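Worksheet: one structure, shown below.
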Amino acid sequence: SLVIIWLLLVNQLSVGHLLLGIILGIAVPLYTSRFWPDHVHVRNPMVLLRFVVVVLYDILVANIAVAKLILGRQEKLEPAFLQMPLRLKTDVAISILANTISLTPGTVSAYLSADRQCLVVHSLHTQDPDEILETIRQRYEAPLMEILETC
């Protein structure tokens, strides 16, 4: 994936850039692995693949929804901060969840409690807070538990 990201960044496909991308794709993880407190073990690669597809789909759909909200009447917006008790325990899983929420337009991870038990999420338009939290649980938190944590 780092090779693909490198080729997209340089916006050029050549043997030199491909070789440099491969070298970076090997060197960067080897160099940065010592900075990670825990080793990441993907327990279910197929669920990971499905998770990535779901996140990409949600980003696309949320972009369209947020564009409609922004281009529509501003007074219809109902922003809110939502407190989400976490079932995830590992730092890596919590970090991926918080980043996934922030990547999806219309929601942002705003605060993680010191005990890592609660994540505060800001939602641009909140008609039913419980529905938003349940969607996050089903679409993001549950797969991350299956991918990265033992139950």
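These numbers come from the heavy atoms of this one structure, side chains and all, not from hydrogens, waters or symmetry mates. Only a predicted model underlies this, so the values are computations on that prediction, with no experimental measurement involved. By convention here, the first residue in the shown sequence is residue 1.
Residues satisfying the side-chain contact (heavy atoms from CB on, under 4.5 Å) criterion with Ala65, sequence neighbours excluded, are absent altogether. When the salt bridge (Lys or Arg N to Asp or Glu O under 4.0 Å) test is applied to Arg87, the partners found at least two apart in sequence or on another chain are Glu141. In this structure Asp130 satisfies the side chain to side chain donor-acceptor pair (under 3.5 Å) test with no other residue, sequence neighbours excluded. Considering only residues two or more places apart in sequence or on other chains, Tyr57 meets the ring pair (Phe, Tyr, Trp, His ring centres under 6.0 Å) condition with none of them. Residues satisfying the side chain to side chain donor-acceptor pair (under 3.5 Å) criterion with Glu134, sequence neighbours excluded, are Gln138. The salt bridge (Lys or Arg N to Asp or Glu O under 4.0 Å) test applied to Arg73 returns Glu75, not counting sequence neighbours. Contacts of Ser95 classified as side chain to side chain donor-acceptor pair (under 3.5 Å), with partners at least two apart in sequence or in another chain: Asn99. For Ala110, the side-chain contact (heavy atoms from CB on, under 4.5 Å) partners at least two apart in sequence or on another chain are Phe81, Val120. In this structure Ser113 satisfies the side chain to side chain donor-acceptor pair (under 3.5 Å) test together with Asp115, sequence neighbours excluded.
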Tell me, with the steps shown, if Arg139 and Thr100 meet side chain to side chain contact (heavy atoms under 4.5 Å, CB included).
CA-CA 10 Å; Arg139 295 182 74 82; Thr100 300; over 6 Å; no

Decide side chain to side chain contact (heavy atoms under 4.5 Å, CB included) for Lys89 and Gln117; before the verdict, give the C-alpha distance in whole Å, the side-chain angles of both, and the deciding distance to 0.1 Å.
CA-CA 8 Å; Lys89 301 298 177 208; Gln117 298 294 314; 3.7 Å; yes

Side chain to side chain contact (heavy atoms under 4.5 Å, CB included) between Ile101 and Leu119: does it pass, once the steps are laid out?
CA-CA 10 Å; Ile101 291 169; Leu119 182 66; 3.7 Å; yes

N/O donor-acceptor pairs under 3.5 Å from side chains in residues 9-29, not counting sequence neighbours:
unit_1 : atom_1 : unit_2 : atom_2 : d
Gln12  : OE1    : His17  : NE2    : 2.9
Ser14  : OG     : His17  : N      : 3.3

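In this structure, Gln83 places its CD atom where only 12 or fewer heavy-atom neighbours from other residues, nucleotides or ligands lie under 6.0 Å away.
The CE atom of Met145 sits 14.0 Å away from the CG atom of Asn44 when rounded to the nearest 0.5 Å. Note that the CG atom of Leu86 and the CG atom of Leu112 stand 6.5 Å from one another [nearest 0.5 Å]. To the nearest 0.5 Å, the span separating OG1 on Thr107 from NE2 on His125 amounts to 13.5 Å. Interatomic distance, OH of Tyr140 versus OG1 of Thr135, reported as 8.5 Å (0.5 Å rounding). Distance check: Leu82 CG to Ile136 CD1 gives 7.0 Å after rounding to the nearest 0.5 Å. Leu144 CG to Ile94 CD1: the interatomic distance, rounded to the nearest 0.5 Å, is 10.5 Å.
Residues Leu103 and Leu97 are members of one and the same hydrophobic cluster, defined by side-chain heavy-atom contacts under 4.5 angstrom among Ile, Leu, Val, Met, Phe, Trp and Tyr.
Evaluation of the salt bridge (Lys or Arg N to Asp or Glu O under 4.0 Å) test over residues 60-72, restricted to residues two or more places apart or in two chains, returns none. Listed by first and then second residue, the salt bridge (Lys or Arg N to Asp or Glu O under 4.0 Å) pairs that reach into residues 117-126 come to none, sequence neighbours excluded.
The closest side-chain heavy-atom distance from Val108 to Val121 is not below 4.5 Å.
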